[in-house]
Amino acid sequence: MSKYKEYKKLDFPAFEEEVLKNWQDNQVFEKSVSLREGQRSFVFYEGPPSANGMPGIHHVMSRAVKDMFCRYNTLKGFQVKRKAGWDTHGLPVEIQVEKTLGITKEDIGKKISVAEYNEACRKDVMKFTDVWNNLTQRMGYWVNLNDPYVTYDNNYIETLWNLLSRLFEKGLLYKGYTIQPYSPAAGTGLSSHELNQPGTYKDVKDSTAVAMFLLNDASALKPETERVYMLAWTTTPWTLPSNTALAVGANITYCLIKTIHPHTHELVSVVMAKDLVGKYFKPEQAELDFAAYQAGDKLLPYHISDEFKGEELKGLSYQQLLPFAQVENGDAFRVITGDFVTTEDGTGIVHIAPSFGADDFRVAKQNGIGSLTLVDKRGRFLDCVQDGVFLYGEEYVKEAYLTEDEKQKDLAIQKEKLSSVIKDTSKLNYLSVDERIILKLQTEGKLFKKEKYDHTYPHCWRTDKPILYYPLESWFIKTTAVKERMVELNKSINWKPEHTGTGRFGNWLENLVDWNLSRSRYWGTPLPVWRTADGSETRCIGSVNELQECIEAGKKAGFMPESFELKDLHKPFVDEVIFPSSKGEKMFREPDLIDVWFDSGAMPYAQWHYPFENKEIFEGNFPADFIAEGVDQTRGWFFTLHALSVMLFDQISYKNVIANGLVLDKNGQKMSKRLGNVVDPFATIAKYGADATRWYMISNSDPWDNLKFDIEGVAESQRKFFGTLYNTYGFFAIYANIDGFEFNPDKTTPLAQRTELDRWIYSKLQSLVKTVRQHMDDYDPTPAARAIEEFVCDHLSNWHVRLSRRRFWKGEMNEDKQAAYETLYECLLVVSQLMSPIAPFFSDWLYKNLNGKMESVHLTDLPEVIEAAIDTELEEQMDYAQRISSMVLSIRKKENIKVRQPLQKILIPLIDQRIKDEIVHVQNLILAEVNVKQLEFIDAIDKSIKPNFKVLGKKLGGKMKAGAALIQAMTQDQIVELESKGQLELQIEDEVFVIELGDVEILSKEIPGYKVANEGRLTVALDISLSEELRQEGIAREFISKLQALRKDSNLEVTDKIHILVGEHEYLKSSINQFKTYICTELLAASLEFASGKTLENTIDVDDNSIQVTIQKA
RNA sequence: AGUCUCGUAGCUCAGGUGGUUAGAGCGCUACACUGAUAAUGUAGAGGUCCGCAGUUCAAGUCUGCGCGGGACUACCA
């Protein structure tokens, strides 16, 4: 019975299934948590996925990241509980259900009741839970699926209500306005989702106007004229009556222009952005003489009298342009600055109507500017917007809202009313509100210019009519009230990558607006706010009990039927709750639902049904040590978590966060069903296994960079990293079993007694532990994975094992062999631990094959770094060994001398004694590796010199170029002088510098008569002359090699002894005689005889000579 | 349009504080190795380090302006 299991070949997906089964049968995940009971906890929050869509390959990515740090910290001794969660509310669920049922939103309440509809949503949303759970398990993502939080649970909702009521009590929940896309024709607000439907943006031709706003006191601008106007352009003249401010760009340059008023012909000054002057004035106009101007002349003379930044215009007040109503909710008619102002269109001065533009609204609010909303929800002017001539009140502001008939009727009215300003109204066509406002401005001397303008404008996808931006009532959370605090606390969060925290997230916080919570939908958490019809009394319910009391009061007051029982906190049931206010009036629920982002942002509290239950659990699990999601969650989950914890607890809710990038296809295209480039995670895992997939994803690029997912890369990870590691283990197992080696941790060979090669790899191993710990502690997994890979492939497999092979297969068990096994075993075991967070399956497979003492690698303690074992000097020495070997092999290659042919001597010319000491330590390794007999050091003869730019640059500065040339041109004598004296005077141009040894690098590039190779400061020469003895040994080696192949072809065990019969051949004769013992040892041959005359079974080829040979098992 | 980010070999990626032969792996070609063999070594081909300007003795690296890809936000007078 073998101690270490041997494998013929490894089927990755298949053994992963076995490992998985073992985890499940033995509850390894549960143990990994319970084992750490009483230890410090590492808190992780699971961002809930929505179970109504299929998981994609990007979920493997984000979950690999999550899993990795949870596992890693478990290894470090923390207890890491991971509660799974499901995001269950929201529009995508509704749309999915509507598709399935073949209904539209209008059918809700008609063809299907709200109760039935929501029931359908509840069922539909968990549709793919099985698929998700499968993926979770199969990819090795350890998360507790038995007790997940589900956002539609009554308990979950109750916590949300509690949080909302706390916000309400703090005065942070209020009802207010926001500017939203609104379709007057359909009578509804449109979500951004709806606005992004194809075809909503259409080209339209609008009448635009540049209006003239008269400044009240322009003396600060030192104008040369009495009147000074601000010029502002608009594509929606119908918003001008609602103008309350003008916005300029703080850093935009404006100018004051003296010119003639185009309609009143008086001398005036106007203000506009300097860059746009050319749009309104031609160069030749600047030449015109003001004195020569005659009323009616087409070309107006102008003159730029001054320039200033927008900042200087800030605060100026102006006369209301069209005074139909007064502003009551704030300041008005002032110049303010706005970051959105550009000089691409118009005049660089933006007319602000806060009710009809999101930017306008925001900038007005920031500056304390009030609003005018002179349009009603049907899209018509209020009654007050009339002057008896141009405007008549209660008329549609957009022509598109009228039918042809209505237009004709209006035309008749227009003909009559406009007769006072238009002489002949008989030919008049229907004039839109925009056109009549322009006409009015012109008549009143407030119009600078009018023109038609083509642009795109959003239309309602249902009615095809243009939308308006309109202020709608919504419930808000006053996040702006805690903005500073959020910015402050954000600085204590460790963001990976940092720029997402400081840049994207930081900027987002800086420009924060209040959080619009309202959603006019059906399937979601109902807003727990009840109000009286007149809005005079508002109540925010904070618990189910409280609501129950209200229900009782409602029943008592006769507002609700006695039979009413509240089982579900969703619509429509909560809407049926009506209860009395303090004055006995009916209170109704505000019909809105809340934003689903509130659901997920509240998960730290709601997952534990805090504060109704689990108070201690919550407190012990807040804030999170670590969360990770896609970067697209920056303004989603990352924000809502942060906002809620800051508002409710004045704390951060996560200390470390990884915002991972997208997973694109191999060409860098976003994966989409339409393009057919979606990668199926199940198929990938079925083919290559979860570990290779995970390893590829983590090692290929930093998690926060986008990953170009190439399935070939997964295959490569499997082949290269896992294949090499598997081979290394396989190699260990074969020989360990032959020698009956068994690792005993209590009785290992002291490090000091091991060979340099062993001490070297052990040192490398400790350095690796250190590196991996550092990177993982810093939430930087990619360098950790790459370091492990480099250790396994380059150092362990390709150097330590390769150079140690003979130690394993040669002779009986001895101390050196014992140490070799121990060293390799220790490396493999530690590697299994280090890699286990990333590759949980293979690592456990490896660990168990090595008979680790725990049940699973995931239950072990991560090894501490043994600093004392790190020998940087030795690592440096080995580096020399590797470089020198590589150089020798490269010379062999160039000279076409195969490695099997022994050579006599390596020569290394030396400048620096220290390097010699380093190399001497490892010279035997080098000689064995490159098959050379001896290594000698010689004094460099032909020296060359090179400036050390970094050092010399500081010394020479501007004379560097000339100096470098002079140094490189130094003679041998000069170099020798510099070496012996340690310094040398050198005249560079007109100055003399003292060059010291540290300023230059002296090296030897050539050795007369030898073949050399150079790399950096090292030069290696190889003596390629062949003595007869060397030649004979080469032949012996060639013979051994061919016979080894034959042994193998004959299916002999590596331990089998053999008898060899060789046909007589001149080429071999003397070599075999000379090296008989050596040959026999190498081939495990009991005998080696010449057999002349007999017919032998096999023919081998030794240096182009056909040799007859037979081998027999002894 | 704004904010952030990326742009180095055919592909995927490394390249602290600026320093002179710009690296690795994969792929390709050739050779070697063969008691780990679905591995391994060596060599070769392959680079305007996205472009332009600037700072500097010296720029892949720092600054500015562009170009191109991506993400997010906004949809604008």
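Chain naming here is simple, since letters A, B, ... match the order of the sequence lines and numbering starts at 1 in each. The basis for the numbers below is simple: all heavy atoms, side chains too, and nothing from hydrogens, waters or symmetry mates.
A donor and an acceptor atom, one from each side chain of A:Tyr7 and A:Asn849, are located under 3.5 Å apart.
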Detail all sub-3.5 Å separations between protein N/O atoms and N/O atoms belonging to nucleotides 58-61 of chain B.
none

For nucleotides 1-7 of chain B, which of its nitrogen or oxygen atoms have a protein nitrogen or oxygen under 3.5 Å away, and what is each distance?
from : atom 1 : to       : atom 2 : distance (Å)
B:U3 : O2'    : A:Asn507 : ND2    : 2.8

Tabulate protein N/O versus nucleotide N/O from nucleotides 21-23 of chain B, keeping only pairs under 3.5 Å, one per line.
none

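For A:His775, there are no ring pair (Phe, Tyr, Trp, His ring centres under 6.0 Å) partners two or more places apart in sequence or in a different chain. The side chain to side chain donor-acceptor pair (under 3.5 Å) check on A:Ser207 picks up A:Lys452, with sequence neighbours excluded. Checked against ring pair (Phe, Tyr, Trp, His ring centres under 6.0 Å), A:Tyr821 has the following partners two or more places apart in sequence or in another chain: A:Phe741, A:Phe808. Under the salt bridge (charged side-chain N to carboxylate O under 4.0 Å, His left out) criterion, A:Arg892 pairs with no residue, sequence neighbours left out. For the ring pair (Phe, Tyr, Trp, His ring centres under 6.0 Å) test, no residue two or more places apart in sequence or in another chain qualifies with A:Phe791. Residues that satisfy the ring pair (Phe, Tyr, Trp, His ring centres under 6.0 Å) test with A:Tyr254, not counting sequence neighbours, are absent from this structure. Residues passing the salt bridge (charged side-chain N to carboxylate O under 4.0 Å, His left out) test with A:Asp1103 are A:Lys898, sequence neighbours excluded.
Listed for the A:Thr235 side chain is no donor-acceptor partner under 3.5 Å among the backbone atoms of A:Thr208. Between the A:Thr236 side chain and the A:Trp238 main chain, no donor and acceptor come within less than 3.5 Å of each other.
Residues from residues 786-796 of chain A that place a heavy atom under 4.0 Å from any atom of RNA chain B, listed by number: A:Arg786.
In this structure, A:Thr347 reaches neither bases nor backbone, as no heavy-atom distance under 4.0 Å exists between it and the strands shown.
Remark: P of B:A38 and CZ of A:Phe721 are 20 Å apart, rounded to the nearest angstrom.
The P atoms of B:U40 and B:G54 are separated by 49 Å, rounded to the nearest whole Å.
For residues 793-804 of chain A, every residue pair satisfying the salt bridge (charged side-chain N to carboxylate O under 4.0 Å, His left out) rule, not counting sequence neighbours, is listed here: A:Arg802-A:Glu929.
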